[in-house]
Number of protein chains: 2
Amino acid sequence: MFKELNPLLHSELRLAVMSILIGVEEADFVYLREQTHATAGNLSVQIDKLQKAGYISVEKGFKGRMPRTVCRITDCGRDAFTEYVDALSGYIGR
Amino acid sequence: MFKELNPLLHSELRLAVMSILIGVEEADFVYLREQTHATAGNLSVQIDKLQKAGYISVEKGFKGRMPRTVCRITDCGRDAFTEYVDALSGYIGR
DNA sequence: AACATTTGGTTTATTTTATAAACTACTTTA
DNA sequence: TAAAGTAGTTTATAAAATAAACCAAATGTT
């Protein structure tokens with residue numbers, strides 16, 4: 001009945017980030033911050049965790065002369081997200 | 001897009017408890033512990049939080065001579081759960 | 001040119017949460 | 001009557017979320 005919920009994904013902000021990334025080719029730091037209404041500090045920390053888990057790739061470059069951090073979901077991240085949603089269904093009855 | 005997730009419900013164990021209680025008339029401590037595979041300590045704490053939030057009612061009585069704690073979901077709890085599931089849908093795309 | 005402000009972040013510190021371990025009180029069994 | 005089990009609670013610790021402070025470079029203001 002109750003499968004374990006991946007604790008890395010069972011976090012409001014990280015889940016929101018993954019939810020965005022699963023639907024787009026890529027998204028940069030500023031876009032993610034705006035969409036999630038998170039503070040930069042919090043977002044920075046959570047992006048780091050997702051990257052370390054291998055769920056997203058993070059590419060730090062420049063847009064003109066300003067820094068720009070671009071994130072993409074990985075295949076591994078996509079799998080983890082799918083599994084999480086599946087597990088969650090057992091809790092919320094879908 | 002991203003509604004806030006009620007932090008009281010966005011917890012694996014509390015969510016499991018609510019998930020059980022929403023489907024039954026009542027459930028006692030032991031049943032909840034068995035179904036969720038939680039430790040008694042953890043379950044005790046989380047039940048307390050749900051009760052303090054008004055999401056469940058907790059009735060401590062006896063079954064024969066052994067103590068027995070019975071939990072029931074409240075209307076308020078049912079509403080909160082429904083709202084949580086609705087908000088969650090925005091994250092997992094249902 | 002000099003200074004303040006904004007941008008795009010990171011690092012550090014604090015609060016909150018989850019969880020386990022230890023404990024209490026009572027009951028049943030040998 | 002001693003040992004073990006049941007049903008929990010309380011306390012301590014580890015992990016997580018979040019905010020606040022900070023940094024470096026860019027841009028706007030006088």
Side-chain angles (χ1 to χ4, degrees), chain A residues 2-20 26-53 55-72 80 84 87-88 91, chain B residues 2-20 26-53 55-72 80 84 87-88 91:
Chain A
F2 299 113
K3 295 183 193 170
E4 271 185 42
L5 297 178
N6 182 338
L8 238 135
L9 292 183
H10 197 63
S11 138
E12 184 159 8
L13 183 47
R14 290 195 297 270
L15 193 58
V17 168
M18 292 294 283
S19 174
I20 291 169
E26 59 176 52
D28 65 22
F29 189 94
V30 173
Y31 178 79
L32 291 173
R33 181 169 49 69
E34 285 168 356
Q35 294 295 309
T36 60
H37 306 116
T39 59
N42 192 9
L43 183 59
S44 178
V45 171
Q46 307 312 327
I47 280 179
D48 213 56
K49 286 183 186 178
L50 288 172
Q51 184 197 1
K52 273 169 183 153
Y55 292 173
I56 66 173
S57 71
V58 179
E59 191 188 325
K60 284 155 206 285
F62 288 86
K63 182 194 191 177
R65 310 161 97 182
M66 296 293 272
R68 178 158 185 265
T69 298
V70 178
C71 303
R72 289 183 189 78
Y84 171 78
L88 202 54
Y91 291 77
Chain B
F2 297 114
K3 296 182 193 169
E4 272 185 40
L5 296 178
N6 182 338
L8 239 135
L9 293 183
H10 196 64
S11 139
E12 185 160 8
L13 182 48
R14 288 195 299 269
L15 193 58
V17 169
M18 292 295 282
S19 174
I20 291 168
E26 59 176 51
D28 65 21
F29 190 94
V30 174
Y31 179 79
L32 291 174
R33 180 168 51 70
E34 284 169 357
Q35 293 295 309
T36 60
H37 305 118
T39 60
N42 191 11
L43 182 59
S44 178
V45 171
Q46 306 312 327
I47 280 179
D48 212 57
K49 286 185 187 178
L50 289 171
Q51 184 196 1
K52 273 170 184 153
Y55 292 173
I56 67 174
S57 71
V58 180
E59 190 188 326
K60 283 156 206 285
F62 288 86
K63 182 194 193 177
R65 309 163 97 182
M66 296 292 274
R68 178 160 185 262
T69 298
V70 178
C71 304
R72 288 183 189 78
Y84 171 78
L88 203 54
Y91 291 77

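Proteins get letters first, then strands, A, B, ... in listed order; numbering begins at 1 in each.
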*asked:* Ring-plane angle category for A/H10 and B/H10, please: parallel below 30°, perpendicular beyond 60°, tilted otherwise.
replied: parallel

*asked:* If I take atom CZ in residue B/R33 and atom P in nucleotide D/dG8, what distance separates them, rounded to the nearest angstrom?
replied: 8 Å

*asked:* Name the residue from B/D28, B/V58, B/L43 that meets the side-chain contact (heavy atoms from CB on, under 4.5 Å) definition with B/T69.
replied: B/V58

_Between P of C/dT17 and CG of A/L13, the distance in whole Å_ = 16 Å

*The side chain of B/A40 lies closest to which of these nucleotides: C/dA18, C/dG8, D/dG8?*
D/dG8

*Check whether any side-chain N or O of A/R65 sits under 4.0 Å from OP1 or OP2 of D/dT27, and answer yes or no.*
yes

*asked:* Please report the interatomic distance OG(B/S11) to CG(B/N6), rounded to the nearest 0.5 Å.
replied: 10.5 Å

*With respect to the side chain of A/Q46, which nucleotide from C/dT7, C/dG9, D/dA17 is positioned closest?*
D/dA17

*asked:* Pick the closest DNA chain D nucleotide for B/S44 and for A/R14 by heavy atoms, then say which residue is nearer the 5' end.
replied: B/S44

*What pair of heavy atoms forms the shortest contact from A/T36 to A/L32, and how long is it?*
OG1-O, 2.7 Å

*A/L9 has an atom CG; how far is it from atom P of D/dA17, in whole Å?*
11 Å

*asked:* Taking only side-chain N and O atoms of A/S11, does any of them lie within less than 4.0 angstrom of OP1 or OP2 on D/dA17?
replied: yes

*Could you tell me whether the phosphate oxygens of D/dT18, OP1 or OP2, come under 4.0 Å of any side-chain nitrogen or oxygen in A/T39?*
no

_Separation of A/I56 CD1 from A/I20 CD1 (nearest 0.5 Å)_ = 11.0 Å

*Is there a side-chain polar atom (N or O) of B/K60 under 4.0 Å from OP1 or OP2 of D/dT9?*
yes

*asked:* So A/L9 and A/M18, do their side chains get closer than 4.5 Å, heavy atoms only?
replied: yes

*Rounded distance (Å) that lies between atom P of C/dT11 and atom CG of A/N42*: 15 Å

*asked:* Over all strands shown, is A/E12 touching base, sugar-phosphate only, or nothing at heavy-atom distances under 4.0 angstrom?
replied: nothing

*asked:* Using whole Å, what does the distance between atom P of nucleotide C/dG8 and atom OH of A/Y31 come to?
replied: 16 Å

*asked:* How many whole angstroms separate atom CD1 of A/I47 from atom P of C/dT10?
replied: 8 Å

*Give me the bend of the helix from C/dA1-D/dT30 to C/dA30-D/dT1, using the axes of the five pairs at each end, rounded to 10°.*
10°

_Integer-rounded Å distance: D/dA24 P and A/R68 CZ_ = 24 Å

*A/R14 side chain to A/P7 backbone, donor-acceptor under 3.5 Å*: yes

_Any B/K49 side-chain N or O less than 4.0 Å from OP1/OP2 of C/dA18_ = yes

*Over how many whole Å does the gap from A/F29 atom CZ to C/dT6 atom C1' extend?*
15 Å

